[in-house]
Amino acid sequence: MAAPKPIARLISHVILDLDGTLLNTDCVVSQVLKPFLVKNGKKWDSKKAHKLVGKTPYEAAAVVLEDYGLPYSTEEFLSMLTPMFNEQWCNIKALPGANRLIKHLKSNGVPAALASNSPRSNIDAKISCHQGWKESFSAIVGGDEVEKGKPSPDIFLEAAKRMNTNPPNCLVIEDSLPGVAAGKAAGMHVIAVPSVPKRTAEFSSADEVINSLLDVKPEKWGLPPFSDWIDDTLPIEPWFIGGPVIKGFGRGSKVLGIPTANLPAENFSDVLSEHTSGVYFGWAGLSTRGIFKMVMSIGWNPYFDNTEKTIEPWLLHDFGEDFYGEELRLVIVGYIRPEANFPSLESLIERIHEDARISDKALNLPLYAKYKDSPYLRNSLKEDNSANGNQSVIDSK
């Protein structure tokens, strides 16, 4: 990710975009459009989804109509889809780091505004489903409250005006190119958090480009730092996944010397869309072998330029043999760093081993160690051992 450019003065106010920055709206968009397109004899193409990012509803509707050749006017299309979207607003989940950032700004007295191309009524409906969000913003500006939406600077200038501050005092956090352009045109500093994968290079006009809101470093902008990092790790709300171990790309052992226990990504499309790419750690349970420390990557592995987002856990134990087909359960408890590219294979391997050392040490802390006793992991062992007439449970050392 790009390092922030030097700033001439300290930031005092923050302006946040909503869709794609704080909320995982893309999931709901596809859920609504897929069945609608099927009814019209068309098929949703996820590769075209990036064209909708940062657009006003009217602009996005026009793009869909053109891309899929639908026989409606923009007004007709919106009249049909709007009720469908209204039913889904409360199903939109906060993106990783969104709640943490909002709470941090509020608890440290940093004025924050919400500025979105969405109509104000839609904004209010979306944030009403997230406790404490509405009260955390000093100002909220919708696309229908200004003359022009992003990439025009109007929304951000209006947000600054309502917070009684000057544009240079404001830090904008945005996921889209129109949003970044709007923030810069407003004379503000901009952090880009691209919601479309593998397009970081397109955001060069931003002052800083980061992988996710988990990677925001407020102190770089003169704002109070987060205080929740522990030994180079960030505790997160635990999440749980499991499935049979499958053969991966064949590069873990052969190329990296690091055997990963791959899970079928197609079984976890919802999980992959909810969680940002990066390096995580936690505990892994193998149904016949025990519970082990684990570090894993989620993402496209830039060095190898994956075409699909994958989950690749590395169990920190020497098994001496493969265990394809065995049930693997993971409890992910912490975050280490964003996904990154490396200049050489050697530097990649060195960084992976450093991630392993960080994970191994952190998992001894009570904060993380307690999840080793998670019923999600223990029950799979008991079920398998009972089936084999063996009640013993083997744990990693």
Side-chain angles (χ1 to χ4, degrees), residues 1-24 93-116 123-124 126-141 155-175 179-180 183 186-193 206-237 276 278 333-338 365 367:
M1 296 291 121
K5 300 168 186 176
I7 57 176
R9 58 183 300 175
L10 298 183
I11 298 298
S12 58
H13 294 65
V14 176
I15 305 177
L16 299 165
D17 173 53
L18 182 62
D19 300 305
T21 300
L22 296 177
L23 293 179
N24 189 11
K93 295 184 178 181
L95 284 162
N99 282 306
R100 172 177 176 253
L101 177 60
I102 291 171
K103 290 177 181 177
H104 178 74
L105 296 174
K106 183 176 176 60
S107 64
N108 284 277
V110 179
L114 195 57
S116 169
I123 296 173
D124 290 338
K126 292 171 187 175
I127 66 174
S128 69
C129 308
H130 297 270
Q131 187 176 2
W133 279 26
K134 185 174 183 179
E135 299 77 18
S136 297
F137 295 110
S138 303
I140 299 175
V141 186
I155 287 179
F156 291 129
L157 293 174
E158 179 63 22
K161 179 181 178 182
R162 294 186 188 183
M163 290 193 293
N164 297 312
T165 191
N166 296 317
N169 298 334
C170 297
L171 175 65
V172 169
I173 302 181
E174 263 282 357
D175 75 297
V180 170
M188 301 177 179
H189 303 283
V190 180
I191 295 178
V193 194
D207 296 282
E208 182 182 14
V209 183
I210 60 176
N211 187 63
S212 78
L213 295 180
L214 296 175
D215 305 308
V216 173
K217 303 293 184 185
E219 64 272 21
K220 291 182 178 179
W221 304 95
L223 297 171
F226 285 107
S227 58
D228 49 358
W229 283 84
I230 303 170
D231 290 348
D232 297 319
T233 67
L234 176 65
I236 60 173
E237 188 70 25
T276 183
V333 300
Y335 174 77
I336 297 176
R337 63 174 177 86
L365 298 172
L367 173 68

Original post:
V193 and L95: side chain to side chain contact (heavy atoms under 4.5 Å, CB included), yes or no, with the steps?
Top reply: CA-CA 11 Å; V193 194; L95 284 162; over 6 Å; no
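- Looking at H130 and L22, their side chains never come closer than 4.5 Å, going by heavy atoms from C-beta outward.
- Looking only at side-chain heavy atoms (C-beta outward), L18 and W133 come within less than 4.5 Å of each other.
- Shown here for G20 and D175, the closest heavy-atom pair between the two residues is O-CB, 3.4 Å.
- Considering every non-hydrogen atom in both Y335 and I236, the closest pair reads CB-CG2, 4.1 Å.
- Using a 4.5 Å cut-off on side-chain heavy atoms (C-beta onward), V14 and L101 make no contact.
- Scanning all heavy atoms of the two residues, the minimum distance from V180 to A192 falls at CG2-CB, 3.9 Å.
- Side-chain contact between I191 and W221 is present, with at least one heavy-atom pair separated by less than 4.5 Å.
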**OP:** I would like to know whether S116 and D19 meet side chain to side chain contact (heavy atoms under 4.5 Å, CB included); could you show each step before the answer?
**Re:** CA-CA 7 Å; S116 169; D19 300 305; 3.8 Å; yes
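- Between V141 and F156 there is no side-chain heavy-atom pair separated by less than 4.5 Å.
- Side-chain atoms of R162 never come within 3.5 Å of backbone atoms of S138 as a donor-acceptor pair (strictly under, hydrogens ignored).
- For the atom pair CE of M188 and CG of D207, the computed distance is 12.5 Å after rounding to the nearest 0.5 Å.
- Take A113 and apply the side chain to side chain contact (heavy atoms under 4.5 Å, CB included) test, not counting sequence neighbours, and it matches I15, A139, A159, M163.
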**OP:** List the steps and the verdict of side chain to side chain contact (heavy atoms under 4.5 Å, CB included) for L234 and F226.
**Re:** CA-CA 10 Å; L234 176 65; F226 285 107; over 6 Å; no
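- Among all heavy-atom pairs drawn from N108 and P224, the shortest one is OD1-CB, 3.5 Å.
- Here the closest heavy-atom approach between residue P218 and residue V216 is recorded as CD-O, 3.4 Å.
- Looking at P235 and L367, their side chains come closer than 4.5 Å, going by heavy atoms from C-beta outward.
- With values rounded to the nearest 0.5 angstrom, N169 atom CG is found 11.5 Å from N164 atom CG.
- Proximity of I11 to V110: side-chain heavy atoms (C-beta onward) are nowhere separated by under 4.5 Å.
- Counting non-hydrogen atoms of neighbouring residues, nucleotides and ligands closer than 6.0 angstrom, the NZ atom of K103 reaches no more than 12 such neighbours.
- Closest heavy-atom contact between A115 and I155: CB-CG2, 3.1 Å.
- Using a 4.5 Å cut-off on side-chain heavy atoms (C-beta onward), T165 and P111 make no contact.
- Within 6.0 Å of CD on E135 lie more than 12 heavy atoms contributed by other residues, nucleotides or ligands.
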